[in-house]
Structure formats: C-alpha cells, structure tokens
Amino acid sequence: MGSNSSRIGDLPKNEYLKKLSGTESVSENDPFWNQLLSFSFPAPTSSTELKLLEEATISVCRSLVENNPRTGNLGALIKVFLSRTKELKLSAECQNHIFIWQTHNALFIICCVLKVFISEMSEEELQLHFTYEEKSPGSYSSDSEDLLEELLCCLMQLITDIPLLDITYEISVEAVSTMVVFLSCQLFHKEVLRQSISHKYLMRGRCLPYTSKLVKTLLYNFIRQEKPPPPGTHVLPQQSDGGGLLYGLASGVATGLWTVFTLGGVGSKVAAASELSSPLANQSLLLLLVLANLTDAADAPNPYRQAIMSFKNTQDSSPFPSSIPHSFQINFNSLYMALCEQQTSDQATLLLYTLLHQNSNIRTYMLARTDMENLVLPILEILYHVEERNSHHVYMALIILLILTEDDGFNRSIHEVMLKNITWYSERVLTEISLGSLLILVVIRTIQYNMTRTRDKYLHTNCLAALANMSAQFRSLHQYAAQRIVSLFSLLSKKHNKVLEQATQSLRGSLSSNDVPLPDYAQDLNVIEEVIRMMLEIINSCLTNSLHHNPNLVYALLYKRDLFEQFRTHPSFQDIMQNIDLVITFFSSRLLQAGAELSVERVLEIIKQGVVALPKDRLKKFPELKFKYVEEEQPEEFFIPYVWSLVYSSAVGLYWNPQDIQLFTMDAD
C-alpha cells in the first residue's frame, strides 16, 4: 500500500489481503500472519464509514469464497486466532499490547469475512468452508467440522473471561459483534428461522455450559455502560522518551507492512459517537436480545431465554430449584438503575419488557421499589413523544405499563408519589401532580393521538386496559386529569354521533342506488361503542370504589353532565350508566339546593360533603375491571424481525447492504 497511502479504496490492492484470498495456501505457522495482522486504523462506526469499508473489501471476501475450498485459508486464519486467544488472558494481565492488538485484528478480519459469507451462501455452504484444508481441491477434514463450534465457544469464553481493560475493550466489542454476525443468517430469510446450524451449536454441545455466564456478562456490560478508552491509549501508547523497543517494533510493523490510515478524515465522528455511548453495552444488549429470541429447538427450549427467565438477585440466598437450569445471580439494584437511565433506546425498552414479562423475580423486585417514578417517567416520556417514536417502541412502552398496572400495589402507590415541574409535558404547566394522574394524562393523550392519526385498535385496547386496571385505585385525581377523562369521553361521543349520522345517510343512499359499494359503518359503530363502554366502565369503577377520593372527577362529570344524557337509554350502555347517572343526579340536586353563582371551591366543598351523605348501597356493584397482558401466539413472528431491525439500525461497527435484507424492508442509507 505504501506508507503514505490513506485511502480505504486501496484495500483491495493490498498484497496481504490478496494473498489471504488468493489461490495460494498459507500455513497457520507462516510468518505471513504476523504481517497480515499488523494494521491499525480507527474502527468505523457510522453507516457511511462502514459502507465504505464493505465496498472496499467485498472483492477480497468474494475471492476468498471462491478460493477457500482449495486453500483452506479461512480455517488457517481461524486457527491462528484460536491459538492466540489461549494466551489472551495472560497478555491482558501482562499488558502485552501488541499481542492483543494483533488478536483483535484477526477477529476483525474474521468478522468482516463471515458477514459476507453469511450474506452470500447458505448455512450448509458456510459450514463446509470451515472444513476445507490445504489438500487437493475441495477436500475437507472429517474432524474439522468442530472448528465452527470451537470458534463460537472461544468467542463466548473471550466475552466472559477476559478482564475488561482499556487494552481489551475493542476485542471484547469485536467478540460480541462476531457472535451477532454468526446469527445474522436470519436477516437473509423472509421467514423466521426455526432450525439453524448456528442455533444448534449455541443450544447444545460445548457452548451450552457457557449459557448463564454469557447472559450474566452481557447484562453486566449493559449495566456498567463502560465508555471506550480514548483513541490511541489502548493499543500502542507512545512512551515519553520517544518510544522504546516495544513501540518501535510495533510502529515499524504497522507502517512498513500495512499502513496506518484513517477512513477519509471522518475520525471525529467516531470519537463523537464514542463519547455519547458505550459500544460494548450497546452490542451486548443487542446480542442478548437476539439470543433471548432464538426459537426453541425441537427437543429443547432456548437455554438463553431460560437463563433470562430464572436469574435472581444477589441478595436472594434461597437455593435454586434443581428443575431450573442456567440460573445465576445479579445485582438487581444496579440492573434497575441502568434500565431507568437507558429507556431512550428501543432495545433497552425491549429488555425491560422481556424481564418484566418473563422473570417473576425481577417483576416482584421492581413492583416493591419505592422509587418507581424513576422507571415509569421514562416510559411515559416515550408515549408522550409518540410522534417521534416507531410503533414498536410505543407498543413496548404500553405493554410495560399494562404489566405494571396488573398489580394493585402499584396502582395505589403511584397516586402517593408527587412530582414537581414535569418539563417535557407541554400542553399545560404541571407544577405539582401525582405520578398516577400524570400516567392517566399521558395514556389519554396517546389514545387521542391514535384516534386522529394511526387508528390502531391494538394500541387503543392496551391504553384502555391500563386505565381500567388502575380505575378502582384512582386517588386524588388532579383536576386536569379528571377533565381529560371527561374530554376523551366527549371526543368519543362526537365521533359516535358522526359515524351514526354517516351510517344513516348511507342507508338512505342505498335505497336509491344498488350499484355503489357502501362503507362498513356498522363495524365502525361497533368499534366506537366498544371504546365508549370501556370508558364508561372506567368512570364507573372509580365512582363505585373510590368516589370519596376523587371530588375532581365528580366536578368534571357535573360540568359536562349533558354529554351522558344520550347514553342513559342506549341499550348498549343502560346498565353501566346507572351509577354514573345516580352520582350526577345526586350531586346536581345538592348544588341546586346550595343556590346559584357558586365558586369552584364551594362546589368542591359541597361534593366532599355529599360523598359522606350518598348511600353506598345505592351504587350497583359490577365485576372488577382487570386485564392481563397475554403474549400473542407465535410471538417470535413479531419479536424476531423487531430485534433484527434494531441490530440493523443500532449495531456499532456492523453494516449490511439493505438490498440484501429479506426479513424486513429497509430503505437504503
């Protein structure tokens, strides 16, 4: 390449890459490998940089695909890497920068090559490439099939056993990324993979014993959010006296054999990205989600999901049941704090959903926390900014709320937590409001947004289910929250009247013309009436269970009493309207007796006095409103494409050509 070259476009002409991918076999003991692995450049992170790297190396990778059956150079490269990893832990302890640097480079090349191999061939063909050796053309070793399994085991050991230091940070990230790449065959299939060679290796055999340790390490990587070391401090630190022998040798290798180069002068973007996030935490979380959502094998459940379902708090001293495999312990407080801080990303919200839904230990711990606002507020903020979020992120946030509201203790406690100055809520200045009232406001706002924009019945259902779960425990509702409950009912009422009018006009039109297809207003009317009934049930539940705690809701009902008139005799709502009508009539009578021109304060005082006088036995009892989240049948049809869309868009250092993706549709960058 020449020591002055700095263009990534020169990579296809590089003599060492050409030799690796060429027709000549290279023994794993050849000095060539030291030369090949002695390169250094800033790891690309943005999609632009990664695309440049992919385009520059694709021809090299394709040459290797063509020639590897005869040369076995891919196997030789992997064996070189495997032999080096045996001394990696000692090298980290001894601060052997050169050894770690070259081992990282070997893994970086393997990852780049595998990504192309996986995108361009079947798993069966890929497996064959791991078996080719330097023999007659296309021959392979009968016992070298284990090389793929050995590489996967080695990556798991590297992730779990190598201490995380400045000099090992990049190789730790690369190990996690390479495991993601190994599983990326799913990207190139339209259907969810239920039987895969890579899944088979990860779920049984030599990899299986590492299951719990890997899941625990990935979780701790997410918890710690370790930032990458400053550029230049983790590979070859130059000594103040001008270098010394160690630096001189490495510098000579790097500049004389390859070339130290930058990716088109965009190193500043890499640095900026590194300052904002933790690549290791990000990659670890993505790999964890991929592993957790692997489909079960025909004869065994997914062990990674089992590990996620069963881990316990470090403070829990009770023994693990023998029936639960892959168990481990982790610090729940640290995990809780990390989940609270990281909810701006889809993947962190998906992890929170996964843990709440699947791990009863975590769910019990979180519901017992006295600082639930630290978790709930970020979730509410996701819903509040629904316009800026993708639909999957919004769904996950809603389902998390639904799971939390299944617990009566949660529904009580959120009304006891008082918040001040919620700056992100812009519709109205909220100087002081309970967490419960804020939750109601945000969920109602989400329903109203959905009514005018997306019109998604699933989103409506989950919002209303969460409100219904909370309704019996409504306490001291903020006046604005009470107003918004009645305002939502007003909006639904207007929509009902509009659809009813359209249906009537449509029916008249159908009498004069039989040729024009008519909209299905009956179905629209049925849907809107279901939602109206649900809202009436929520209001009724609050009145029958906690009327004395909610004078502001009674005030809002009285202020808009005319809204409910049309539903008193409606056959779909007559039963549920009895209590609401009774409350409105009772308090209207007391206000009438108090005279005209009453102030807001006086009206609230009359309501509080009237609550004591209202005979509770006159309120009809209805079954308690309780909705439980139930995962859809075949949830993998939703979650696997979702997880891989997150990998595609969020993984650091990995780029796939959008035109090659089969699992979901992606626009080109």
Side-chain angles (χ1 to χ4, degrees), residues 156 159-160 179 183 192-194 196 199-200 202-204 207-223 284-336 338-339 342 346-369 375 395-396 399-404 406-407 410 628-640 642-644 646:
M156 295 173 88
I159 294 166
T160 58
M179 283 202 69
L183 294 161
V192 167
L193 286 178
R194 299 185 184 278
S196 163
H199 296 185
K200 180 189 75 173
L202 286 170
M203 290 191 185
R204 63 194 68 187
C207 292
L208 190 60
Y210 294 99
T211 298
S212 58
K213 198 171 183 182
L214 178 63
V215 171
K216 182 176 182 178
T217 302
L218 295 175
L219 276 172
Y220 268 128
N221 286 347
F222 167 72
I223 290 169
S284 295
L285 178 52
L286 291 172
L287 176 57
L288 183 64
L289 293 172
V290 169
L291 293 170
N293 287 282
L294 295 178
T295 55
D296 293 336
D299 56 348
N302 177 350
Y304 304 94
R305 189 182 301 122
Q306 285 184 312
I308 285 170
M309 291 172 64
S310 61
F311 71 83
K312 300 194 307 183
N313 195 352
T314 48
Q315 296 181 351
D316 186 346
S317 57
S318 61
F320 284 105
S322 57
S323 59
I324 300 179
H326 315 299
S327 299
F328 62 91
Q329 291 180 291
I330 203 166
N331 188 307
F332 277 14
N333 180 62
S334 300
L335 179 57
Y336 178 81
L339 286 166
Q342 299 300 321
D346 279 69
Q347 48 266 41
T349 305
L350 181 53
L351 175 63
L352 174 58
Y353 158 78
T354 302
L355 296 176
L356 274 175
H357 177 52
Q358 298 185 2
N359 190 314
S360 59
N361 300 321
I362 277 282
R363 186 166 60 251
T364 301
Y365 173 85
M366 288 186 175
L367 289 168
R369 293 282 302 206
L375 186 68
Y395 286 150
M396 288 298 101
I399 293 170
I400 287 166
L401 287 185
L402 181 56
I403 292 171
L404 293 173
E406 291 171 12
D407 183 76
F410 171 83
K628 190 174 179 64
Y629 169 67
V630 179
E631 202 167 63
E632 299 283 334
E633 289 185 20
Q634 295 188 313
E636 64 273 8
E637 298 291 341
F638 169 82
F639 285 104
I640 289 177
Y642 180 30
V643 168
W644 279 105
L646 296 180

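Since the model is a prediction, treat every value here as computed from it, not as a measurement. Side chains included, hydrogens not; waters and symmetry mates left out as well; all remaining heavy atoms used.
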task: Using side-chain contact (heavy atoms from CB on, under 4.5 Å) as the criterion, list what pairs up with Asp316, not counting sequence neighbours.
output: Lys312, Asn313, Ser318, Gln329
- prompt: Only one of Val215, Leu291, Ile308, Leu208 clears side chain to side chain contact (heavy atoms under 4.5 Å, CB included) with Pro303; which?
  reply: Leu208
Counterpart residues, side-chain hydrogen bond (donor to acceptor under 3.5 Å, both in side chains), relative to [X] (two or more places apart):
X: Ser360; answer: none
X: Thr349; answer: Gln343, His393
X: Arg363; answer: none

For the [atom1] atom of [X] and the [atom2] atom of [Y], what is their distance to the nearest 0.5 Å?
X: Asn331; Y: Tyr336; atom1: CG; atom2: OH; answer: 14.0 Å
X: Thr295; Y: Glu636; atom1: OG1; atom2: CD; answer: 7.0 Å
X: Leu214; Y: Met179; atom1: CG; atom2: CE; answer: 5.5 Å
X: Ser284; Y: Tyr220; atom1: OG; atom2: OH; answer: 14.0 Å
X: Ser310; Y: Ile362; atom1: OG; atom2: CD1; answer: 11.5 Å
X: Asn302; Y: Leu294; atom1: CG; atom2: CG; answer: 5.0 Å

field: Stepwise side chain to side chain contact (heavy atoms under 4.5 Å, CB included) test for Leu350 and Leu285
entry: CA-CA 10 Å; Leu350 181 53; Leu285 178 52; over 6 Å; no
Residue pair [X] / [Y], side-chain heavy-atom distance below 4.5 Å:
X: Leu202; Y: Met156; value: yes
X: Asp296; Y: Arg305; value: yes
X: Glu631; Y: Phe639; value: yes
X: Thr354; Y: Leu288; value: no
X: Leu375; Y: Ile400; value: no
X: Met203; Y: Thr211; value: no
X: Asp346; Y: Met396; value: no
X: Asn333; Y: Tyr365; value: yes

- request: Check for a donor-acceptor pair, side chain of Asn359 on one end and backbone N or O of Leu355 on the other, with a separation under 3.5 Å.
  value: no
Derivation and outcome, side chain to side chain contact (heavy atoms under 4.5 Å, CB included), residues Met366 and Leu339: CA-CA 11 Å; Met366 288 186 175; Leu339 286 166; 3.4 Å; yes
task: Quick one: do Phe332 and Thr314 satisfy side chain to side chain contact (heavy atoms under 4.5 Å, CB included)? Show the steps, please.
output: CA-CA 7 Å; Phe332 277 14; Thr314 48; over 6 Å; no
task: Return the set of residues passing ring-ring contact (aromatic ring centres under 6.0 Å, His included) with Phe638 (not counting sequence neighbours), or none when no residue passes.
output: His392, Tyr642
- prompt: Quick one: ring-ring contact (aromatic ring centres under 6.0 Å, His included) partners of Phe328, sequence neighbours excluded?
  reply: Phe311
query: Nearest heavy-atom pair of Ala292 and Tyr304: which atoms, and what distance?
result: N-CB, 4.5 Å
